[in-house]
Student: 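Following this message is one structure expressed as structure tokens.
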Amino acid sequence: MNKTFTDLLVPFLPYLNGKPLTEDSRLHDLGLNSMKAIDLLFGIEDELGVSLPDEDLNDATFATAGSLWNAVRRASAAQGADRTAA
């Protein structure tokens, strides 16, 4: 996970309470609900320039900080490849 991603994610986690965010941090337990997840998706698009594909919009993707980060990295790589091919 990079700093930009973690800085974006932390405000959506009201129960983090200053604890370190790790790849194993469970997002639901830290207060990420479905409404906040939608706002987070907009933030990911705005700040990171990445749109997650529909198949990644599921509970498994949003289970932990690491699973969301992996989805963002995959989408970023795929979208970069798409832009290169265009």
Student: Enter the distance from Y15:OH to L32:CG here, rounded to the nearest 0.5 Å.
Tutor: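 Between atom OH of Y15 and atom CG of L32 there are 11.5 Å.
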
Student: Testing the basics here: between Q79 and G49, what is the closest heavy-atom pair and its distance to 0.1 Å?
Tutor: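 Looking at all heavy atoms of both residues, the closest pair is OE1-O, 3.7 Å.
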
Student: Rounded to the nearest 0.5 Å, what separates atom CG in L16 from atom OG in S25?
Tutor: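 One gets 6.5 Å once the value is rounded to the nearest 0.5 Å.
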
Student: Please report the interatomic distance CG(D29) to CG(L13), rounded to the nearest 0.5 Å.
Tutor: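 It is 10.5 Å, given to the nearest 0.5 Å.
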
Student: Can you give me the closest heavy-atom contact between A63 and S67, atom names plus distance?
Tutor: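 Looking at all heavy atoms of both residues, the shortest contact is N-OG, 3.6 Å.
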
Student: Between M1 and E23, which heavy-atom pair has the shortest distance, and what is it?
Tutor: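 Where M1 meets E23 most closely, the heavy atoms are CE-N, 3.7 Å.
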
Student: Under 4.5 Å between side-chain heavy atoms, hopping through other hydrophobics if needed: is there a path connecting I38 to L57?
Tutor: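 Different hydrophobic clusters.
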
Student: Kindly give the heavy-atom pair with the smallest separation between V72 and V50, and that separation in Å.
Tutor: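 Where V72 meets V50 most closely, the heavy atoms are O-CG1, 3.8 Å.
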
Student: Nearest 0.5 angstrom please: D24 CG to L21 CG, how far?
Tutor: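 Going from CG on D24 over to CG on L21, the span is 10.5 Å.
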
Student: What's the spacing between D59 CG and H28 NE2 if we round to 0.5 Å?
Tutor: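 NE2 of H28 is found 9.0 Å from CG of D59.
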
Student: Do L8 and L40 pass the side chain to side chain contact (heavy atoms under 4.5 Å, CB included) test, and can you show the C-alpha distance, the side-chain angles, and the key distance before you say yes or no?
Tutor: CA-CA 8 Å; L8 176 65; L40 176 57; 4.1 Å; yes

Student: Taking it one step at a time, do D56 and R74 satisfy side chain to side chain contact (heavy atoms under 4.5 Å, CB included)?
Tutor: CA-CA 10 Å; D56 282 341; R74 282 191 310 272; 3.7 Å; yes

Student: Taking C-beta and beyond as the side chain, do N2 and W69 meet within less than 4.5 Å on heavy atoms?
Tutor: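 When only atoms from C-beta onward are counted, W69 and N2 do touch, with a gap below 4.5 Å.
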
Student: Which atom names give the shortest non-hydrogen contact between L52 and A71, and what distance separates them?
Tutor: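 That would be CD2-O, 3.6 Å.
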
Student: Got L41 and F62 here, is their nearest side-chain heavy-atom distance under 4.5 Å?
Tutor: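 When only atoms from C-beta onward are counted, F62 and L41 do touch, with a gap below 4.5 Å.
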
Student: Counting C-beta onward and ignoring hydrogens, is there a side-chain heavy-atom pair between E47 and D7 closer than 4.5 Å?
Tutor: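 SC-SC contact between E47 and D7 ruled out.
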
Student: Locate the shortest heavy-atom distance separating P14 from K36; write the atom from each residue and the value.
Tutor: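 Closest pair (atom of P14, atom of K36, distance): CG-NZ, 3.2 Å.
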
Student: First locate atom OG1 of T61, then atom CG of L27, and finally report the distance between them rounded to the nearest 0.5 Å.
Tutor: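 It comes to 10.5 Å.
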
